[in-house]
Asker: 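Sharing a structure with you now.
Note that ligands are numbered from 1 as they come in the structure, with each ligand's atoms numbered from 1 the same way.
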Amino acid sequence: MLKSKIRTHEEQVEYMSELKDWLQKEHDTPPEKMADFFSSRIDIYDKVHLEHWSKEYEHIGEFFDGNIDTLLDIGCGTGLELNSIYRKYPKIKVTGIDLSEDMLNQLRAKYNNKDINLIADDYFEHSLKKEVYDVALSVQTLHHFKYEKKKKIYGKLFNTIKAGGYYIECDYMASCIEEEQLCLELYEYKHNKFNIPEDEFIHVDIPLTLEHQIELLKSAGFSDVSVLYENGGTKIIRANK
Ligand SMILES: C[S@@+](CC[C@H](N)C(=O)[O-])C[C@H]1O[C@@H](n2cnc3c(N)ncnc32)[C@H](O)[C@@H]1O
């Protein structure tokens with residue numbers, strides 16, 4: 001089982017200083033469109049992500065419990081998180097939604113012996129039936145969206161999970177309100193400077209604090225939200241329906 005690692009005060013101070021330097025360096029770099037960002041890195045995506053989060057991908061399945069037949073994975077990408085879940089639930093039926101056909105093609109090639117339904121679409125717009133999944137999951141995908149946008153997806157996930165089911169999210173969350181605000185300021189600045197239409201998805205990180213995440217999930221209807229694991233900015237949380 002994964003062991004949490006919470007930053008010490010000194011580590012947090014150093015982290016914020018490095019973050020500010022990085023945001024400064026990134027300030028005027030043009031943002032990439034979301035699907036283009038992942039398609040253009042398709043050959044290195046798994047390697048880079050496994051270098052950073054191999055432990056989380058290796059163990060995420062251990063945070064799932066109960067009898068699960070159906071799982072919805074939004075922003076499933078190449079399916080790095082599925083290996084561990086299949087180890088625990090070899091027969092699980094997975095529905096994965098992702099914008100990038102290239103990412104989905106890699107996933108398809110890895111798990112061609114599994115009962116899996118892959119949908120190339122925007123998960124904000126894709127219609128999800130009421131109460132059809134035992135569990136929903138998102139890994140490293142929702143930190144690119146603003147508060148109001150996330151409210152919409154959490155409402156949809158709540159609706160599509162069966163009564164008694166749950167939602168697990170593993171994502172980059174802001175360590176403090178200053179981090180949340182600095183990232184959002186850069187996002188807004190880039191939107192204006194590069195004339196990005198409001199509905200265009202760009203690959204810029206805008207993590208929310210854990211407090212804002214919990215507020216959103218509860219406003220979507222989830223009864224309780226708990227933190228299962230954290231390692232610096234990466235947190236795994238669970239919200240029960
Ligand atoms: C960092 S990757 C994470 C992929 C996978 N979950 C993992 O952890 O390796 C983010 C994924 O979210 C997808 N994505 C981002 N916005 C999306 C949207 N609005 N609808 C569907 N997929 C989206 C991207 O195409 C990309 O594959």
Asker: Looking at K110, I want to see if its NZ is surrounded by more than 12 non-hydrogen atoms of other residues, nucleotides or ligands under 6.0 Å.
Answerer: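 Counting neighbours around NZ of K110, more than 12 heavy atoms of other residues, nucleotides or ligands fall under 6.0 Å, so yes.
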Asker: With a 4.0 Å cut-off on N to O distance, would you call E58 and R87 a salt bridge?
Answerer: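 Counted as a salt bridge, because a side-chain N and a carboxylate O are separated by less than 4.0 Å.
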Asker: Is any side-chain heavy atom of D122 less than 4.5 Å from a side-chain heavy atom of F201?
Answerer: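 Yes; the side chains approach each other to less than 4.5 Å.
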Asker: Regarding atom 3 (C) of ligand 1: of the candidates F38, Y172, F145, Y45, which has the closest heavy atom?
Answerer: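 Minimum heavy-atom distance to atom 3 (C) of ligand 1 goes to Y45.
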Asker: More than 12 foreign heavy atoms under 6.0 Å from NZ of K33: is that the case here?
Answerer: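 Not buried by this count: 12 neighbours or fewer within 6.0 Å.
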Asker: Hey, looking at atom 22 (N) of ligand 1, which of L104, L99, I74 has the closest heavy atom?
Answerer: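 Selected option, by shortest heavy-atom distance: L99.
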Asker: Please work out whether any backbone atom (N, CA, C, O) or any side-chain heavy atom from C-beta onward of F37 is under 4.0 Å from ligand 1, and answer side chain, backbone, both or neither.
Answerer: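 Answer for F37: neither.
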Asker: Considering only non-hydrogen protein atoms, determine which one is nearest to atom 12 (O) of ligand 1 and report residue, atom name and distance to 0.1 Å.
Answerer: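 Nearest neighbour among protein heavy atoms for atom 12 (O) of ligand 1, to 0.1 Å: T141 OG1, 2.8 Å.
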Asker: Side chain, backbone, both or neither: which part of H49 has a heavy atom under 4.0 Å from ligand 1?
Answerer: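 Under 4.0 Å from ligand 1, H49 contributes side-chain atoms alone.
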Asker: List the steps and the verdict of side chain to side chain contact (heavy atoms under 4.5 Å, CB included) for M16 and L182.
Answerer: CA-CA 10 Å; M16 286 303 290; L182 288 171; 4.3 Å; yes
Asker: What is the nearest protein non-hydrogen atom to atom 8 (O) of ligand 1, stated with its residue, atom name and distance?
Answerer: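 Checked against all protein heavy atoms, atom 8 (O) of ligand 1 sits closest to Y57 OH, 2.7 Å.
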Asker: Based purely on interatomic distance, does M103 place a nitrogen or oxygen under 3.5 Å from a nitrogen or oxygen of ligand 1?
Answerer: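 For ligand 1, there is no N or O atom that lies under 3.5 Å from one belonging to M103.
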Asker: Is it the case that the ring center of H27 lies less than 6.0 angstrom away from the ring center of Y189?
Answerer: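 That pair passes the under 6.0 Å test.
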Asker: Identify, for atom 19 (N) of ligand 1, the protein heavy atom at the shortest distance, and state residue, atom and that distance.
Answerer: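 Going atom by atom, the protein heavy atom closest to atom 19 (N) of ligand 1 ends up being D122 OD1, 3.0 Å.
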Asker: Against heavy atoms of D121, which atoms of ligand 1 measure under 4.0 Å?
Answerer: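 Contacts of ligand 1 toward D121, numbered from 1: 20 (N), 21 (C).
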Asker: Relative to the heavy atoms of F124, which atoms of ligand 1 are at a distance of less than 4.0 Å?
Answerer: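 Near F124, meaning under 4.0 Å from one of its heavy atoms, ligand 1 has 19 (N).
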Asker: Before we go on, tell me: are the rings of Y154 and F222 under 6.0 Å apart, centre to centre?
Answerer: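 No, the ring centres sit 6.0 Å or more apart.
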Asker: Can the positive tip of K114 be found less than 6.0 Å from the middle of the six-membered ring of Y86, inside 45° of the ring normal?
Answerer: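 The answer is yes, since K114 meets both limits relative to Y86.
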Asker: Quick test: of every protein heavy atom, which one is nearest to atom 23 (C) of ligand 1, and how far off is it to 0.1 Å?
Answerer: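 Of every protein heavy atom, Y123 CE2, 3.4 Å lies nearest to atom 23 (C) of ligand 1.
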Asker: Using heavy atoms and a threshold below 4.0 Å, how should the contact between D73 and ligand 1 be classified: side chain, backbone, both, or neither?
Answerer: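 It is neither; nothing of D73 touches ligand 1.
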Asker: Flag V139 as yes when one of its N or O atoms lies below 3.5 Å from any N or O atom of ligand 1, and as no otherwise.
Answerer: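 So ligand 1 has an N or O lying under 3.5 Å from an N or O of V139.
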Asker: Apply side chain to side chain contact (heavy atoms under 4.5 Å, CB included) to the pair D102 and Y45, showing each step before the final yes or no.
Answerer: CA-CA 11 Å; D102 292 319; Y45 177 84; over 6 Å; no
Asker: Give the C-alpha distance, both sets of side-chain angles, the deciding distance and a yes or no for side-chain hydrogen bond (donor to acceptor under 3.5 Å, both in side chains) between H49 and Q140.
Answerer: CA-CA 10 Å; H49 267 240; Q140 301 288 0; 5.9 Å; no
Asker: Just wondering, more than 12 heavy atoms not from H52 lying within 6.0 Å of its NE2?
Answerer: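 Open.
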Asker: Among all protein heavy atoms, pick the one closest to atom 25 (O) of ligand 1 and tell me residue, atom and distance.
Answerer: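 For atom 25 (O) of ligand 1, the nearest protein heavy atom is D98 OD1, 2.6 Å.
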Asker: Give the residue, atom name and distance (to 0.1 Å) of the protein heavy atom nearest atom 1 (C) of ligand 1.
Answerer: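 For this ligand atom, the closest protein heavy atom is Q140 O, 3.1 Å.
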Asker: For ligand 1, note which part of C76 has a heavy atom under 4.0 Å away: side chain, backbone, both or neither.
Answerer: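 The part of C76 near ligand 1 is the backbone, not the side chain.
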Asker: I97 versus ligand 1: do any nitrogen or oxygen atoms come within less than 3.5 Å of each other?
Answerer: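 No; the residue has no nitrogen or oxygen that sits under 3.5 Å from a nitrogen or oxygen of the ligand.
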Asker: Side chain or backbone, does T78 bring an N or O within less than 3.5 Å of an N or O on ligand 1?
Answerer: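 No; the residue has no nitrogen or oxygen that sits under 3.5 Å from a nitrogen or oxygen of the ligand.
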Asker: Indicate, with yes or no, if the rings of F158 and Y167 have centres closer together than 6.0 Å.
Answerer: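 No, the ring centres sit 6.0 Å or more apart.
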Asker: Which ligand 1 atoms does F201 reach within 4.0 Å, using its non-hydrogen atoms?
Answerer: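 Those atoms are 19 (N).
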Asker: Could you tell me which atoms of ligand 1, counted from 1 in the order shown, lie closer than 4.0 angstrom to a heavy atom of M34?
Answerer: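 Matching atoms, with element in brackets: 15 (C), 16 (N).
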Asker: Under 6.0 Å from the six-membered ring centre of Y15 and within 45° of its axis: does the NZ or CZ of R7 meet both?
Answerer: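 Yes, R7 and Y15 form such a contact.
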Asker: Is it the side chain, the backbone, both or neither of W53 that has a heavy atom closer than 4.0 Å to ligand 1?
Answerer: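 Contact part for W53 vs ligand 1: neither.
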